[in-house]
Amino acid sequence: MSVKEINIELENKTIVKAYRSLLKSIRREVTKGDKKLIREAFELSLEAHKNMRRKSGEPYIIHPLAVAQICAEEIGLGVTSVICALLHDTVEDTDITLDLIKLKFGPKVALIIDGLTKISGVFDQPDRSIQAENFKKMLLTLSDDVRVILIKLADRLHNMRTLDSMSPKSQLKIASETAYVYAPLAHRLGLYGLKSELEDLSTKYLQAENYLFVKMKLNETKVQRNRYIKNFIDPIAEDMRKEGFDFEIKGRPKSIHSILQKMKTQNVNFEEVYDLFAIRVIVDSQEVNEKSDCWKMYSIITDHYTPNPDRLRDWVSTPKANGYESLHTTVMGPKGRWVEVQIRTKRMDEIAEKGFAAHWKYKDNNQAQDHGLEGWLARVREILESPDSNAMEFLDDFKLALYSEEIFVFTPKGDLKKLPAGATVLDFAFEIHTYIGEKCIGAKLNNKLVPLNHVLNNGDQVEIISSGKQKPNEEWLEFVVTAKAKSKIREYFKQLKLKASVLGKEILERKFKTAKLPFNSESLYVLLKHYKLKTVADLYFQLANETIDRTKLDIEAVLLADKNKVSEPIIPVAKSKPQSVLPNDAIILSENEANMEYSFAKCCSPIPGDEIFGFITVGEGVKIHRISCTNALALMSNYGYRIIKAKWANSEKTNQKAFLSSIKVSGIDSVGIVSIITDIISKQLQVNMRSISINSHNGMFDGNIMLEVHDTRQLETIMSSIKSASELITVNRVDLS
Ligand code: MN
């Protein structure tokens, strides 16, 4: 027996084991007929992928088996999804045709596999607008069958779990796509368990060092934290037992991703993040007692610990649109620490972990949640079908909707409307009707008059005031947040411009005719230059609405003036090399690109110590960005093929160099604040300042300081010294220029 044969035997054992474990994981009823179909799907997939291996060297079939298991075990999907998951890569990668699948498994399975095949290439397009178009298509498949998206998420989760065997370049691309699209999608669908795992896994690759740091810190503090959690839980658990409840209490650390987010947004270090963990109380409740049981739990907890009234969230009475139900409160625990407690029933917990699949299971009892899914799908469809929905704008709007939390507001008649947080009076008006939106001049809010751009709060009752004279204004686009309001306002102006440009063209043609001049593109170009406009449509539009005074327009004079003008050089004189370019010894690029020119991106100004990557630009060599740069996610997920690995050359030479970095200081204005800050920087720490600008207004100040530093460690020292000098100052590193 050769060595290879032994491996195959072992592999076959692994495959059989994975298959058995898949069968066991299906928790819904499986008939004999179902079992036969699953077996057939498995055998078909096994045969089709038989000569293929994954990057890790494993036989390919392990992947579809694992995806099917995630569908069954972690999302709670049934037999159809398991069959589809087993076959999900066959049509795309093997000789199996959709017709064959339809023949063997019926039209439903074929439809889902078709959807999965179509969306698989969503991000393989190098062109960002094609990607956006594909993403739109992917969401359209939602209206066919949500299972397409759920299986796709399971597929992505397994690929993320096994990302170690991919090349560093693919790791960055796949991880950033996951953070950019898949995690928010899972969040919006209410798959919270899946969402945090996707986020943590992408953080592991996108911010490797930070990830390991938090992981280590969590480990170090584990014993101490568990002791605290036990002390917190013991007294309330005893009361709950006395009251005869059947319950479970868990205290778990929050995800590494969310801890890092907190450290970043609140600008604090690990020790200062106060809610490292959350307590979850899960009560096994009778359907009719669910709500009152949750509030009884709340009452027991708040008998022991004082709640923070600002941090009570009741999603039991009004569930989120994605079906999430839970009662959240933050209470003052032992040793004066705030502790977040989530209270929910077993059913609610399952929905929170598994999202809509769990809804199907409870469907009969819970029409309301299905309604939430329908409502969301209807909103997505509405955006997609809007004539104005340019794919790029759509992607941005959609992402906006994915991330935002919701608020609930009421119409004068008491109807409940759900809007994203940050929505304004105008968003509400457009939500009711396009016409109401276009004519809206303000609103009565709980009987007080407020302007169009007033941001609504949870529970507001809104009465729109409209006027027949009102017309949409382009400035409206700056404050509306809902996709609906945005697209309707854009559409209005598109129509308006269309009409106006016909009129504007007529006006201009007449002018040319009177002046006896030829109406051609050269003359039009001169006019555009004269009025500093970009497109002919803009010119027509401005003539029609009289932004350009047509009576004062003397075409002959404009054309003549242009001829006499000394022509300006079109190409600017060669610019001096940007200051941030350093000799090729600070950065080491990955092998193939090792000799390319590079420079540091202005948007994030990396300095030694930052995690970085290279982005191949058109004509400007490689730009080095920080991985935490605000542009990084979009770059990595949209232009993955142009990303290269880069690292700091850890040489003595680099250490001698100064890199430009800027910090933002702000706070409460007090006498001498500028000299306090500059003293610390230049006298105490002896760091060079390139520039400093500080503005103060209404008793507050904020400023920018450009520093010459060696690395992140030095920058951190500077920032913490300034911070510790006064409680009135906050310091942040500037991410965006
Ligand atoms: Mn796959």
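Just so you know, ligand 1 is whichever comes first in the structure, and atom 1 is the first atom listed for that ligand.
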Short question: side chain of Gln171, backbone of Met166 - any donor-acceptor pair under 3.5 Å?
-> yes
Are Tyr211 and Tyr205 an aromatic pair by the rule of ring centers under 6.0 Å?
-> no
Trp648 ring center near Phe613 ring center (under 6.0 Å) = no
Could you tell me which N, O or S atom of Asp89 is nearest to the Mn ion (ligand 1)?
-> OD2
The Mn ion (ligand 1) is nearest to which N, O or S atom of Asp155?
-> OD1
Judged by modelled atom types alone, do Glu209 and Gln207 share a side-chain donor-acceptor pair under 3.5 Å?
-> no
Can an N, O or S atom be found in His158 less than 2.8 Å away from the Mn ion (ligand 1)?
-> no
